[in-house]
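To keep things clear, I will list the structure first and then write my remarks on it.
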Amino acid sequence: MNTLRRLVFALLCLSLTSAWTREIESFNSDWKFARFGPMPDGSELAEPKGMEKTAYDDSEWRDLDLPHDWGIEGPFRSDLPNRTGKLPWAGIGWYRKSFDSPKSDAGKRIFIDFDGSMSGTEVWLNGEYVGEWPYGYSSFRLDLTDKLKVGKKNTIAVRLDNKPESSRWYPGGGIYRNVRLVKVAPTHIDHWGVYVTTPIVNADEATVKIETSLAGQSSKAEIQHEITEDGSDKVIATGQGKLSFIKVASPKLWDLDSPSLYQLHTKVLVDGKTVDTYTSIFGIRTIKYTANEGFYLNGKLVRMNGVCQHHDLGPLGAAVNVRAIERQIEILQSFGVNAIRTAHNPPAPEFLDLCDRMGILVQVESFDCWYRKKADNDYARHFWEWWERDTINMVRRDRNHPSIVMWSTGNEILEMSHPEEAWISQMQTDLIKKEDPTRPVSFGGSKPDAAFNGFQNTIDVYGFNYKPHLYAEFREKNPDIPVYSSESASTVSSRGEYFFPVSDDKFIGQGGYFQVSSYDLTAPNWAYRPDIEFEAQDKYPWVFGEFVWTGFDYLGEPTPYNKDKTNLLNFTDPAERERMTKELAKLGGDIPPRSSYFGIVDLCGFPKDRYYMYQARWVPELPLVHILPHWNWPERIGEVTPVHIYTSGDEVELFLNGKSLGRKQKGVFEYRLRWDDVIYEPGELLAVSYKNGQVWAKNSVQTTGEATQLKLTADRNLIAADGQDLSFITVEVLDAKEQLVPRSHNNVQFSISGPAEIIATGNGAPTNHTSFQSKERKVFNGKALVVIRSIKGKKGNVTLTAKSDGLTTATVKVRVK
Ligand code: GAL
């Protein structure tokens, strides 16, 4: 069709359509997929030419639906780098999909929106090149309009080139977030084109400011807005125009305990006809940071009890799943987390929607490096060409989320040691402030000099990574800059592992088969135990909070076993070092650790001991006393076996087999109580905690009997038949008295009946190379996890069965509705 005929056709369609409304269609299903280059089994497969062409025969390719992470499918390979998870995520992947464009597409603008694609994405439609986006964590839109064959079959082809050595952690691989087609009239609201802020908020009224940008603008376009409370159809306020100020009476504020949300419905009309509709979710709240006091939410001082989180979902990998993200946030909130830093990249939009709904403060971060690289193929390759587009997309996509309270331009950026490069920081801050003047800009500063060499003046609030000893000096030299810990602690531990003798030397504490002791005293050289940050935060309360590295264990970066010889030396005493060196030699240099030890909870979401240390501090109203270690040490009878206690009380009396081992009170800046010379005997340890002289909490650990039975517990016994919903089922090995047997490693087989499938299993051991899709798994220190997913449209009762030699079988039922 020539241009004129196209135009006439478009106008005809326009006049025939009574109402043009935006169509947003999921574009996740029915893709064909194939891998090339480095293959999962270690071989190489040459990439054929011409796969972007419509006629290319993809009939042999694999069928799949998005989101998809090809890396998590494994296998774990001993020759792949520990720090990126020993999984085969690097490689070239092609996705192709044929789809019909209905006649009603004529005259519309047709876009494809990717929430994130890992990485180096290039797109063709009907053999013609459409566009590209290198950064795997950015959301981006491509315009398909000119290449779309309206009323016919179309073929889209997407090539990803996920380079090795591009990350310091497991990045995943593939189109791992959602994809949509968006169809709009020629005059429409631009991509992320409605920006909502709340410049004036008080108890009786809030002013909502709306800035709308239109694309393909007809001069006659009119814009109308309606506001409703989220979940209600009742319009509570209206307004019009590109720039509009709307008053909301008695606003319900977005707060941590009551995260109230509103919806803004924007309509674009041309000649009285609606040509576009657009819904934005927003919250009404105020934020303020002061150097002397800290962070205020709605006028109240709030400490950020935060964690850093990487984007993976443990055994599920990087592929987005709403329930899996929601579960992570629930677990984090259960020990008092109220803030998350999205280390070190923009998150999935679903993550932010959940933070809005669940009442979490968020710092969204753009990059782990600028132009100076940390890994051979990392973002440094793209920085100069792409930083601006990636930064704009981050801010525009997310600036309506009330949960976001800070932006970060980067983590431990190498440029920060070069004061003459502070302008690179300033230019990013300036761009973010232009796109969103309502939130401060920060970064995670690692080098001490960045706090004093001028870089600190390029941002609004200063984030220290691991520098509690510099807070006082910072305040003295930078009296006006609010400050917090963007990364703290980095304590390492394996759930349920304890090594003796227990030492306060942070480099000691490794043992077993590449595990780290859970006395919570071990940390790499740049890091420290939680107590040290607590002390600094208490001494300097104007440090407005901390983001612990990390909430969950994540795939990759298994420090101290990162296959980095320096760390190996850091961590071990000479004897240990020698033992480790031999171990390493035996393994031919390829050591098994593939996920991190930093988490407060393990890769499956099971609490480590540290969970209770943070819970005692961050949920002080919860009566809590936690004892470590477990009390199953037949080989230690008569030996010193220290007992450490975390409590939200202020005093604890410890009893071993009914005999008091003394009552201890927490001193100033003391966050754990220690009985370092307990002589082990089997039986019962009982801790009685007191607060203000009154009994506050009691807890005990017993030496257990032999393992006799399995137990299954589902986090949810009712899930939706949408093909997405999950139930997370905890597997436990118990003795006859139903006590968890702490050192059990029984092999368990799982089977399922009914309309759901087992999609992943895990056990939280950072060394385990059993495929995450395996239906058989050893428990690690008594526990494992099975994740089951519903099948779209299939309802009914599901039974998961767990069997293990010598143990009583267990089942659990889940209803799919
Ligand atoms: C920090 C870094 C994080 C992680 C952490 C481990 O220096 O910013 O990404 O590597 O160390 O302790």
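These figures come from a predicted structure and were not determined experimentally. Side-chain atoms are counted along with the backbone in the values below, which use heavy atoms only and exclude waters and symmetry mates.
- In this structure, N298 contributes its side chain and T286 its backbone to a donor-acceptor pair below 3.5 Å.
- Within 6.0 Å of atom CD in Q240, 12 or fewer heavy atoms from other residues, nucleotides or ligands are found, so the atom counts as exposed in its surroundings.
- Pairs passing the salt bridge (Lys or Arg N to Asp or Glu O under 4.0 Å) check and including a residue from residues 212-227, sequence neighbours excluded, read K220-D271.
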Name every donor-acceptor pair, under 3.5 Å, that has one atom in a side chain of residues 192-208 and the other anywhere in the protein, sequence neighbours excluded.
{"residue": "Y195", "atom": "OH", "partner": "D436", "partner atom": "OD1", "Å": "2.5"}
{"residue": "T198", "atom": "OG1", "partner": "R285", "partner atom": "O", "Å": "3.3"}

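- Looking at Y289, its side chain never comes within 3.5 Å of a backbone N or O of P440 through a donor-acceptor pair.
- Residues that satisfy the side chain to side chain contact (heavy atoms under 4.5 Å, CB included) test with R815, not counting sequence neighbours, are L718, N797, K817.
- Here D722 does not pair with K792 in a salt bridge; the nearest charged N to carboxylate O distance is not below 4.0 Å.
- Sorted by first and then second residue, the salt bridge (Lys or Arg N to Asp or Glu O under 4.0 Å) pairs with a member in residues 239-263 read E229-K252, D255-K300; sequence neighbours excluded.
- Ring pair Y262/F282 is parallel by interplanar angle, where below 30° counts as parallel and above 60° as perpendicular.
- Annotation: side chain to side chain contact (heavy atoms under 4.5 Å, CB included) contacts of S138 (sequence neighbours excluded): W133, Y135, D390.
- Taking the six-membered ring for Trp and thresholds of 30 and 60 degrees, W31 and F27 have ring planes more than 60 degrees apart, a perpendicular arrangement.
- A donor-acceptor pair under 3.5 Å is formed between the side chain of Y176 and the backbone N or O of G136.
- Taking the side chain as every heavy atom from C-beta outward, N154 and L144 never approach each other to under 4.5 Å.
- Between D113 and R397, no side-chain nitrogen of the basic residue sits less than 4.0 Å from a carboxylate oxygen of the acidic one, so the salt-bridge criterion is not met.
- Checked options K152, K183, K149; the residue passing with D105 is K183 (criterion: salt bridge (Lys or Arg N to Asp or Glu O under 4.0 Å)).
- In this structure a side-chain-to-backbone donor-acceptor pair under 3.5 Å is present from S139 to D115.
- Using a 4.0 Å cut-off between charged side-chain N and carboxylate O, D143 and R109 make a salt bridge.
- Atom CZ of R323 sits about 12.5 Å away from atom OG of S790, to the nearest 0.5 Å.
- In terms of modelled atom types and a separation under 3.5 Å, the side chain of T279 and the main chain of H265 share no donor-acceptor contact.
- For the pair W124 (side chain) and V158 (backbone), a donor-acceptor distance under 3.5 Å is absent.
- Both tests pass for R327 against the ring of F728: distance under 6.0 Å to the centre and angle within 45° of the axis.
- Scored by the side chain to side chain contact (heavy atoms under 4.5 Å, CB included) test, S213 finds D190 as partners (sequence neighbours excluded).
- Side-chain contact annotation: R789 with N321, donor-acceptor N/O pair under 3.5 Å absent.
- With R22 contributing its side chain and I189 its backbone, the two residues share a donor-acceptor pair below 3.5 Å.
- Formation of a donor-acceptor pair under 3.5 Å by the R180 side chain with backbone atoms of F111 is not found in this model.
- R177 places no side-chain N or O within donor-acceptor distance of the main-chain N or O of G116, the cut-off being under 3.5 Å.
- A donor-acceptor pair under 3.5 Å links the side-chain atoms of S366 to the main chain of S408, judged by distance alone.
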